[in-house]
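Reading through the structure tokens given below for one structure.
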Number of protein chains: 2
Amino acid sequence: MSRSNPRVLSTLERAGGFASAQEIYRLMQREGESIGLTTVYRALQSLVNDKIVDVLRRDDGEAIYRLCGEAHHHHLVCKGCGDTVEIEGGAIEKWAKMMAEEHGFRDVGHTAEIFGLCAKC
Amino acid sequence: MSRSNPRVLSTLERAGGFASAQEIYRLMQREGESIGLTTVYRALQSLVNDKIVDVLRRDDGEAIYRLCGEAHHHHLVCKGCGDTVEIEGGAIEKWAKMMAEEHGFRDVGHTAEIFGLCAKC
DNA sequence: AACGGAAATGAAAACCATTTTCATTTGTGC
DNA sequence: GCACAAATGAAAATGGTTTTCATTTCCGTT
């Protein structure tokens with residue numbers, strides 16, 4: 001039942017370990033790989049089930065997939081120009097762990113994004 | 001140009017300051033208010049522009065709207081049963097402020113959600 | 001009160017990411 | 001080679017959100 005298509009995984013890796021299904025699909029097309037959008041979605045779902053990738057949501061609602069193994073980081077996004085800076089979140093990791101423990105949750109992940117206006121905007 | 005329909009705002013307040021457009025629409029219908037879904041969406045957009053409400057995304061991609069004035073808190077969500085606990089995020093506020101400062105960002109906000117499995121699941 | 005233009009409204013259509021359906025192809029064990 | 005399961009992808013369905021456009025409501029001016 002493992003539909004974890006290796007071509008999809010490797011494309012996700014090549015994309016910097018961070019991309020939406022549509023982006024992965026377009027990327028594969030551009031590189032001449034023959035694949036259907038459906039298969040991309042299925043492969044990603046499968047990778048999520050197998051906990052090889054995580055899902056988050058972009059602000060526009062599109063789902064983005066990220067390799068779990070990736071150095072975990074967060075984003076500082078400019079509301080004006082869309083510029084994004086990757087930032088460390090050590091404090092957040094601890095906070096998430098503490099909060100989860102306190103409420104008896106296990107197997108936890110988290111998302112955290114900061115948005116504002118950058119120096120130029 | 002202010003399309004910030006007060007009936008929509010008051011319904012959002014009544015919903016606990018936290019609801020999706022569809023939920024607000026259904027709530028208003030149930031209460032016998034005559035309004036179109038389009039108007040609800042427009043009113044919410046307008047409230048977001050005026051910084052009276054914020055938007056976040058639920059895991060399924062649906063946008064949820066929240067009164068800005070609300071005591072700012074975060075959520076610990078169970079992936080199994082969907083149960084949600086509101087938690088404090090003092091550490092996060094500081095982290096967000098620091099990171100923003102460090103990169104010259106101003107007028108910053110943030111989102112942070114923790115998800116995992118609750119004790120029952 | 002009547003008129004005219006601007007803003008608001010909402011039904012229906014368009015949009016777009018995602019999921020489902022289903023017929024076809026591919027792969028594997030016999 | 002054969003049969004059966006799994007994988008594939010085109011096309012249709014789904015569902016939240018946005019757009020279009022014709023109609024209605026508001027307001028300020030006569």
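Letters A, B, ... mirror the listed sequences (proteins, then strands); counts begin at 1. Small disclaimer: the values here were computed from a predicted structure and weren't measured.
Distance Leu44(A) CG to dA17(C) P: 15 Å, rounded to the nearest Å. Here dG9(D) presents its C1' atom at 12 Å from CD of Gln29(A), a figure rounded to the nearest Å. The interatomic distance linking Arg3(A) (CZ) with dG27(C) (P) rounds to 15 Å, in whole Å. Between Ile24(B) atom CD1 and dG16(D) atom C1' there is a gap of 14 Å when expressed in whole angstrom units. The CG-C1' distance, from Asn5(B) to dT25(D), rounds to 13 Å in whole Å. Atom CZ in Arg7(B) sits about 10 Å away from atom C1' in dT9(C), given to the nearest Å. Rounded to whole angstrom, the span from the CG atom of Asp60(B) across to the P atom of dG15(D) amounts to 12 Å. Rounded to whole Å, atom C1' of dT26(C) lies 15 Å from atom CD1 of Ile35(A).
Atom CE in Met99(B) sits 9.5 Å away from atom NE2 in His74(A) (nearest 0.5 Å).
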For nucleotides 18-23 of chain C, give me one character per nucleotide, 5' to 3': B if any protein heavy atom sits under 4.0 Å from the base, S if the only such contacts are to the sugar-phosphate, - if neither. BBBB--

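More than 12 heavy atoms of other residues, nucleotides or ligands sit less than 6.0 Å from atom CG of Asp54(A).
The side chain of Thr39(A) places an N or O atom within less than 4.0 Å of a non-bridging phosphate oxygen (OP1 or OP2) of dG9(D).
No hydrogens or angles considered: a donor-acceptor pair under 3.5 Å links the side chains of Tyr41(A) and Gln22(A).
No salt bridge links Glu86(A) with Arg66(A); every basic N to acidic carboxylate O contact stays at or beyond 4.0 Å.
Side chain of Ser46(A) to main chain of Arg42(A): no donor-acceptor pair is present (N/O by atom type, distance under 3.5 Å, no hydrogens or angles). A donor-acceptor contact shorter than 3.5 Å is absent between the side chain of Asp50(B) and the backbone of Ile52(B).
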